[in-house]
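Beneath this line is the structure, given in structure tokens, with notes to follow.
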Amino acid sequence: MQVNESYVLATGVVAAERLELQHEVLKPCSYAQIEKTHLSKGNTVWDIGCGSGAMTVHFAEIVGPEGRVYALDISQEQLDVAQRRVKAAGFEHVTFIQGDICSLEGVSEEEADMTYMRFVLMHQKNPDCVIQAVKKLLKAGGVAASQEGILGETYSNYAHTVLKEYRDTLMALGTYKGCDFNLGNKLTTLYEHAGFKHVEGYFKEHFLPISMAKKFIEMSLAEWKDKAIQAKLITPQHVDIWQKFLNELDENAPGFSFPQAYALAWK
Ligand SMILES: C[S@@+](CC[C@H](N)C(=O)[O-])C[C@H]1O[C@@H](n2cnc3c(N)ncnc32)[C@H](O)[C@@H]1O
């Protein structure tokens, strides 16, 4: 079975709660982005790196039973969660595919009206290869919608070294694994270089209140801390200090701002 060796986060039920929290914060802007694509009834859409399927159900609802959604993920554990979610929502026009977007075989090319990726490119050693694979799936005039983070620009006006250390360590772990967690900064350029006919990009600032930020950091840290320790970026003592800081964090402290990059690219 294929795995993405550079993926630093957890998969399956372990990751589901964090992905859900993330989706709750991001969904107004993610849904607004989809509206700009004019995705409609009867369309075919690929949700690439679908994770726990938060956006998959949204697409299934938009395209309706006369359309088709392909939910692709390299992780079978993620797909299991997504499949349960889609089934619970009562949709039957979703096809689940386990595989790496860069080495897909036996799928129909040039048929998709839309492809979607949220936080997928930033986890790749070779994002150009992913974008070329996406281009193959799209029909002429089809649109690729993407959303990626710019981790280095996440900030809190509650300036504390622990928060900065946490962010910088995660950035360093991405670099160690060959990924760019600031990929949002070059999102439109990637699509332009891949030869898409028309590319539109924009940024949005999101805000995470401290209670949610705290929960999010704790869940995310539990997923990647062992990899950062193995990579000798931190020691277990760092994790203890950070955890203690989080436990004692004042619930009234300011939250976090984090910018997101959005791109729409028409083939
Ligand atoms: C950060 S999660 C985001 C999940 C979902 N897009 C969301 O926004 O809720 C990234 C997902 O992409 C999947 N993934 C990473 N690399 C992949 C690849 N090369 N091909 C297919 N899926 C991949 C991971 O397994 C994971 O489920």
Side-chain angles (χ1 to χ4, degrees), residues 1-34 45-60 69-86 94-105 107 114-137 144-151 170 173-174 177-181 183-184 187 190 204 206 216 219-224 227 258 260-263:
M1 189 177 290
Q2 292 158 310
V3 286
N4 177 347
E5 298 287 354
S6 55
Y7 195 60
V8 302
L9 298 169
T11 54
V13 282
V14 180
E17 197 187 345
R18 177 186 49 77
L19 284 174
E20 206 48 47
L21 180 64
Q22 185 170 285
H23 179 65
E24 277 311 303
V25 176
L26 296 173
K27 80 178 171 192
C29 289
S30 300
Y31 290 0
Q33 184 189 32
I34 301 310
V45 50
W46 278 74
D47 186 1
I48 297 160
C50 65
S52 53
M55 289 299 283
T56 316
V57 285
H58 186 58
F59 300 138
V69 180
Y70 293 95
L72 171 80
D73 206 287
I74 198 165
S75 152
Q76 186 57 49
E77 288 81 11
Q78 298 285 66
L79 283 177
D80 291 344
V81 177
Q83 210 155 357
R84 283 198 290 276
R85 181 185 206 130
V86 167
V94 180
T95 304
F96 295 89
I97 302 173
Q98 191 271 321
D100 185 336
I101 176 65
C102 282
S103 53
L104 276 183
E105 281 174 13
V107 299
M114 193 189 107
T115 59
Y116 183 72
M117 290 189 286
R118 186 170 70 179
F119 306 136
V120 177
L121 291 170
M122 63 191 285
H123 292 287
Q124 310 303 319
K125 281 190 181 161
N126 189 351
D128 290 315
C129 146
V130 172
I131 292 188
Q132 286 302 336
V134 158
K135 202 173 166 203
K136 275 193 202 159
L137 293 173
S146 275
Q147 177 177 340
E148 295 292 338
I150 311 165
L151 182 66
L170 183 52
L173 182 58
K177 293 279 186 181
C179 305
D180 178 4
F181 286 174
L183 187 133
L187 187 57
L190 286 169
K204 290 259 179 216
H206 294 267
F216 187 82
M219 290 191 288
S220 158
L221 181 60
E223 294 177 37
W224 59 259
K227 291 169 190 126
F258 58 103
Q260 296 285 299
Y262 296 81

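Residues: numbered from 1 along the sequence shown. Order of appearance sets the numbers: ligands from 1, and atoms from 1 within every ligand.
Where the criterion is an N or O separation shorter than 3.5 Å, residue side chain and backbone included, Tyr7 fails it with respect to ligand 1. Close N/O approach between Gln78 and ligand 1 is found [any backbone or side-chain N/O within under 3.5 Å]. Close N/O approach between Leu72 and ligand 1 is not found [any backbone or side-chain N/O within under 3.5 Å]. At under 3.5 Å, a nitrogen or oxygen of Gly49, whether backbone or side chain, sits near a nitrogen or oxygen of ligand 1. At under 3.5 Å, not a single nitrogen or oxygen of His123, backbone or side chain, sits near a nitrogen or oxygen of ligand 1. Of the polar atoms of Asp100, at least one N or O is found under 3.5 Å from an N or O of ligand 1, judged by distance alone. Close N/O approach between Thr11 and ligand 1 is not found [any backbone or side-chain N/O within under 3.5 Å]. Of the polar atoms of Ile74, at least one N or O is found under 3.5 Å from an N or O of ligand 1, judged by distance alone.
For Gln124, every heavy-atom contact with ligand 1 shorter than 4.0 Å involves the side chain, none the backbone. Proximity of Cys50 to ligand 1, defined as any heavy-atom pair under 4.0 Å, is confined to the backbone N, CA, C and O atoms.
Not close to ligand 1: Ser30, with no non-hydrogen atom less than 4.0 angstrom away.
Remark: the backbone N or O of Leu79 is not paired with any side-chain donor or acceptor of Asp73 at under 3.5 angstrom. At least one donor-acceptor pair closer than 3.5 Å links the side chain of Arg85 to the backbone N or O of Ser52. A donor-acceptor distance shorter than 3.5 angstrom exists from the side chain of Gln33 to the backbone of Ala263, with no hydrogens or angles considered. Here the side chain of Glu77 pairs no donor or acceptor atom with the backbone of Gly12 at under 3.5 angstrom.
Residue-ligand proximity, Gly51 to ligand 1, at heavy-atom distances under 4.0 Å covers atoms 4 (C), 27 (O). Within the listing of ligand 1, atoms 1 (C), 10 (C) sit less than 4.0 angstrom from a heavy atom of Phe119.
No hydrogens or angles considered: nothing links the side chains of Gln98 and Gln76 as a donor-acceptor pair under 3.5 Å.
The distance from the OH atom of Tyr116 to the OG atom of Ser30 is 4.0 Å, given to the nearest 0.5 Å. Atom CE of Met117 is separated from atom CD1 of Ile131 by 5.5 Å, given to the nearest 0.5 angstrom.
Considering only non-hydrogen protein atoms, atom 15 (C) of ligand 1 sits nearest to Asn4 ND2, 3.5 Å. Atom 9 (O) of ligand 1 has Arg118 NH2, 3.3 Å as its closest protein atom, hydrogens excluded (heavy atom only). Closest protein heavy atom to atom 20 (N) of ligand 1: Ile101 N, 3.1 Å. Here the protein heavy atom with the shortest distance to atom 25 (O) of ligand 1 is Asp73 OD1, 2.6 Å.
Tyr7 and His123 have perpendicular rings, their planes meeting at more than 60° on a 0 to 90° scale where under 30° would count as parallel.
When each of Gln147, Arg118, Glu148 is paired with Gln260, the side-chain hydrogen bond (donor to acceptor under 3.5 Å, both in side chains) condition holds for Gln147 and for no other.
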_Using side-chain contact (heavy atoms from CB on, under 4.5 Å), reason through Ile34 and Phe59 one step at a time and then give a plain yes or no._
CA-CA 9 Å; Ile34 301 310; Phe59 300 138; 3.7 Å; yes
